[in-house]
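These values consider heavy atoms only, across backbone and side chains, with no hydrogens, waters or symmetry-generated copies. Here, residue 1 is the first one in the sequence, and each next residue gets the next number. Just so you know, ligand 1 is whichever comes first in the structure, and atom 1 is the first atom listed for that ligand.
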Amino acid sequence: MQRFKKKFALITGGTNGMGFATAQQFINEGGRVIITGRSAETVTKALAQLGENAFGIVSNAGKMNDVFLLTEKVRQYTCHIDVLFINAGYGKFAPIEFADEAHFDELFNMLVKGTFFTVQQILPLMSDGSSIILNTSIVTEIGMTNFSIYSAAKAAVQSFIKTFAAECTEKGIRVNGVSPGYIKTNGFNNTGLSPEQIDGAIQSIIPTIPFKRFGNPSEIANAVLFLASGEASYIHGTEITVDAGISIIR
Ligand SMILES: NC(=O)c1ccc[n+]([C@@H]2O[C@H](COP(=O)([O-])OP(=O)(O)OC[C@H]3O[C@@H](n4cnc5c(N)ncnc54)[C@H](OP(=O)(O)O)[C@@H]3O)[C@@H](O)[C@H]2O)c1
């Protein structure tokens with residue numbers, strides 16, 4: 001399929017995991033992609049794998065100076081964005097007693113301020129027929145211990161799906177979200193857990209997942225591309241949960 005021929009996507013956090021898988025699939029379907037990441041090293045490495053239809057910008061979603069420079073940097077490659085996938089981020093664990101203000105600010109700056117101001121900055125490059133997709137998480141629907149700040153930040157992102165959709169309707173820009181369950185990415189490396197703790201956590205989580213496996217980044221990319229495509233032309237202001245049903249288990 002070539003659903004995205006002549007289309008340009010901006011994917012924040014496209015050097016790895018779900019963002020990278022989405023970039024790969026978008027390019028495979030005829031599109032061109034700009035990815036962001038926090039370091040020249042990760043961006044360059046990803047671009048080498050993505051090929052000539054990928055472009056990169058070093059930009060930290062948690063640093064407002066970077067976010068406010070994004071439009072100017074995007075304009076070096078294109079004056080029009082058809083698909084904006086706001087994906088950059090990670091979670092960090094901390095029990096209520098030990099979570100400090102720096103932890104709170106880090107996650108809220110990156111996920112909440114980063115999402116809001118990236119959309120604000122890129123919106124002038126988008127027009128009728130374009131689409132915005134926000135990456136949330138199933139943690140907005142469940143009470144996961146030690147994840148209160150990340151979950152609250154993702155709940156704010158989830159709220160933006162509806163408010164942005166309401167405001168973008170007149171512009172003809174559809175806004176939706178994808179809510180991943182447990183996905184096999186490097187995301188756990190940022191949580192503050194040691195490699196042994198990560199492995200232990202993964203082994204204890206697998207039996208709780210209805211399909212008894214973590215999802216693959218490509219399974220999130222499939223949902224993002226669907227939401228971005230013409231096949232989703234009547235879908236606006238909602239979220240697709242991609243979690244093997246874990247969020248409905250009680
Ligand atoms: N994995 C899961 O189970 C899961 C579940 C639900 C939701 N999510 C969400 O899915 C999104 C993607 O995560 P992933 O699991 O695919 O993790 P990942 O493989 O670690 O990828 C994260 C991506 O975000 C980038 N990134 C991180 N912080 C950034 C920042 N401050 N500014 C710009 N880019 C940043 C990373 O790039 P650099 O390292 O190059 O900066 C990387 O490209 C995140 O929003 C995460 O919260 C993950």
Of [options], which has the heavy atom at the shortest distance from [atom]?
{"atom": "atom 36 (C) of ligand 1", "options": "Val178, Thr15, Asp243", "result": "Thr15"}
{"atom": "atom 13 (O) of ligand 1", "options": "Gly187, Ser179, Gly89, Ser39", "result": "Gly89"}
{"atom": "atom 8 (N) of ligand 1", "options": "Phe188, Tyr150, Phe214", "result": "Tyr150"}
{"atom": "atom 33 (C) of ligand 1", "options": "Ser59, Gly215, Gly13", "result": "Ser59"}

Exercise. Parallel, tilted or perpendicular for Phe164 and Phe116, by the 30°/60° rule?
Worked result: tilted

Exercise. Judged by non-hydrogen atoms, does Lys184 sit under 4.0 Å from ligand 1?
Worked result: no

Problem set entry | Any Pro217 heavy atom less than 4.0 Å to ligand 1 | no

Pairs of nitrogen or oxygen atoms closer than 3.5 Å, one from [X] and one from ligand 1: do any exist?
{"X": "Leu111", "value": "no"}
{"X": "Ser137", "value": "no"}
{"X": "Thr36", "value": "no"}
{"X": "Thr136", "value": "no"}
{"X": "Ile183", "value": "yes"}

Problem set entry | Atoms of ligand 1, numbered as shown, that sit under 4.0 Å from any heavy atom of Ala88 | 24 (O), 33 (C), 34 (N), 35 (C), 45 (O)

Exercise. Above 12 or not: heavy atoms from other molecules or residues under 6.0 Å from CD of Gln2?
Worked result: yes

